[in-house]
Amino acid sequence: MKKARPLQLGAMAGAATLVVLAGWWLVDGLPPADAPDTVVATAAPTGPDGAVPATAQPIGDARPAPDAMLNPSLILIFESALAEAQATGKAAFMAMAPGLLAKRLPAELVARAMGLLERYIDMQEAMQALPPPEAGDPASLRKTIEARAEVRRRYFAPEEIEGLFGDEIRQDALMADKMALARDANLTPEEREAAAKRSEEALLTPEQREQRRAFTAQVDVQRQTDAMDARGASAQERFAERSATYGYEAARQLAALDQENQDWNSRLDQYANAPPEQQAQLRESLFNERERLRLSGALALRSARPVPNAASQTPGRSPS
């Protein structure tokens, strides 16, 4: 472990990293698994020394454990503690960890969490030694997924793997399935879509499927808006197209957002085109306190991106 920089073991070694390394994140847009806000524990499945039972089986043989502490939110707590500590090695971090966990967990859970945390750090260090998958190669991604599964089995019991990492594992499996389907030239678009839906239903929980649908809807709305911006669609055309796709109420809300963005860009134009001696006064009169905090960033973004059709400018989006 290098001592010249803080310990870096974060959850970014998880499903999202596999997706990015596989060159798939922007195509599929799978959101990270959601995590509850609280952690409550019952009896510990590990031995009195915190060791993994010798009977640990592969994750495929495990059932979800009726243990509320074995929950993805515990990993978020570990990551939060790691980020706060900025330690330069495992020993230094573990010396700080009891105090960091005590701020995030009830006192009676800290001892057990310490055992899980130490194994989590060891597991993440082992994960970092694995080669990344080749971009766009489903076979390489599956090989990496299995290698990561083997590492998990070294450090955690089946019920711990399911509780702490089950959502991540299913997200990875779904990603590999979708990548393989996308590269299968023997499938029609309809067959590919149907197979992807079957895979999603088999691997994801109802909550994850709903989250995925919501995320996909947001992406679809933005793509539609970008296409309308590119052709300079009128407000009436935008409303008709959105209403046909998403319904009247959604179209009405998106039209209101369009108006906010147009207003925001109009004020940005007025400010940016004013002589320097007038900008201080315009800064106060055109923007509220919250907008002023974001003004320099919005102007930098505008200068870095092409300016679209004047009727539908969006680079400097309203901060509201």
If you take all heavy atoms of Ser140 and Pro133, which pair is closest and at what distance?
OG-CA, 3.2 Å

Would you call Arg231 and Glu237 a salt bridge, using N to O less than 4.0 angstrom?
no

State whether the side chain of Asp263 and the backbone N or O of Gln259 hold a donor-acceptor pair below 3.5 Å, judged by distance alone.
no

Heavy atoms only: give me the nearest Met179-Asp137 pair and the separation to one decimal.
SD-C, 3.5 Å

Does Asn288 use its side chain to pair, donor to acceptor, with the backbone of Glu291 at less than 3.5 Å?
yes

How about Glu79 and Tyr120: does a side-chain donor come under 3.5 Å of a side-chain acceptor?
yes

So, the side chain of Glu191 versus the backbone of Thr188: is there a donor-acceptor pair under 3.5 Å, distance only?
yes

Does Glu193, at its CD atom, have more than 12 non-hydrogen atoms belonging to other residues, nucleotides or ligands within less than 6.0 Å?
no

Do any N or O atoms from the side chain of Ser285 and from the backbone of Gln281 form a donor-acceptor pair under 3.5 angstrom?
yes

Starting at OG1 of Thr144, measure out to CE of Met127 and round the result to the nearest 0.5 Å.
11.0 Å

Residue pair Met123 / Arg152, side-chain heavy-atom distance below 4.5 Å:
yes

Quick check against the 3.5 Å criterion: does Arg283 have a side-chain atom that pairs as donor or acceptor with the backbone of Arg292?
yes

Could you give the distance from CG (Leu105) to CG (Leu74), rounded to the nearest 0.5 Å?
6.5 Å

Nearest heavy-atom neighbours spanning Tyr155 and Arg119:
O-NH1, 2.9 Å

Taking the ring centre of each residue, are Phe156 and Phe165 less than 6.0 Å apart?
yes

Yes or no on salt bridge (charged side-chain N to carboxylate O under 4.0 Å, His left out) for Asp258 and Arg238, after CA distance, side-chain angles and deciding distance?
CA-CA 10 Å; Asp258 282 348; Arg238 288 167 178 260; 3.5 Å; yes

Is there a path of hydrophobic side-chain contacts, each under 4.5 Å between heavy atoms of I, L, V, M, F, W or Y residues, that connects Leu187 with Met175?
no

Does Leu70 form a side chain to side chain contact (heavy atoms under 4.5 Å, CB included) with Glu162? I'd like the steps, not just the answer.
CA-CA 8 Å; Leu70 299 180; Glu162 173 58 34; over 6 Å; no

Distance col, row Ile75:CD1 vs Leu82:CG, nearest 0.5 angstrom, shows 10.0 Å

Would you kindly say whether Gln124 and Gln128 are connected by a side-chain donor-acceptor distance under 3.5 Å?
no

Which value, rounded to the nearest 0.5 Å, describes the distance between Leu101 atom CG and Met114 atom CE?
6.5 Å

One thing to verify: whether Arg142 and Asp172 come together as a salt bridge, which I'm taking to mean a side-chain N less than 4.0 angstrom from a carboxylate O.
no

Apply side chain to side chain contact (heavy atoms under 4.5 Å, CB included) to the pair Phe239 and Tyr248, showing each step before the final yes or no.
CA-CA 8 Å; Phe239 189 89; Tyr248 175 86; 3.4 Å; yes

Please tell me if the side chains of Arg148 and Ile169 come closer than 4.5 Å, counting only heavy atoms from C-beta onward.
no

Compare every heavy atom of Asp122 with every heavy atom of Lys90, then report the nearest pair and how far apart it is.
NZ-OD1, 2.6 Å

Quick one: side chain to side chain donor-acceptor pair (under 3.5 Å) partners of Glu150, sequence neighbours excluded?
Arg153

Is there side-chain contact between Arg112 and Leu109, with heavy atoms separated by less than 4.5 Å?
no

Using a 4.5 Å cut-off on heavy atoms from C-beta on, say whether the side chain of Val221 contacts that of Arg242.
no

Within-4.5 Å side-chain heavy-atom neighbours: Glu260 and Leu257
yes

List in chain and number order the residues that pass side chain to side chain donor-acceptor pair (under 3.5 Å) with Glu277, two or more places apart in sequence or in another chain; answer none if no residue qualifies.
none

Going by the rule salt bridge (Lys or Arg N to Asp or Glu O under 4.0 Å), which residues pair with Lys197 if we only count those two or more places apart in sequence or in a different chain?
none

Asp167 and Gln171 side chains, donor-acceptor separation under 3.5 Å
no

Flag yes if more than 12 heavy atoms outside Glu249 fall under 6.0 Å of its CD atom; otherwise flag no.
yes

Could you check whether any side-chain N or O of Thr245 sits under 3.5 Å from a backbone N or O of Glu241, counting only pairs where one atom can act as donor and the other as acceptor?
yes

Find out if a path of hydrophobic residues (ILVMFWY) with successive side-chain heavy-atom gaps under 4.5 Å connects Val110 to Phe78.
yes

Indicate yes or no: at least one non-hydrogen side-chain atom of Met94 is less than 4.5 angstrom from one of Glu118.
yes

Between Lys143 and Glu146, is there a side-chain N and carboxylate O pair less than 4.0 Å apart?
no

Tightest non-hydrogen contact, residues Ala251 and Ser243, listed as CB-N, 3.5 Å

May I ask you to test the Glu160-Met69 pair for a side-chain heavy-atom distance under 4.5 Å?
no

For Phe93 against Ala81, the heavy-atom pair lying closest together
CE1-O, 3.7 Å

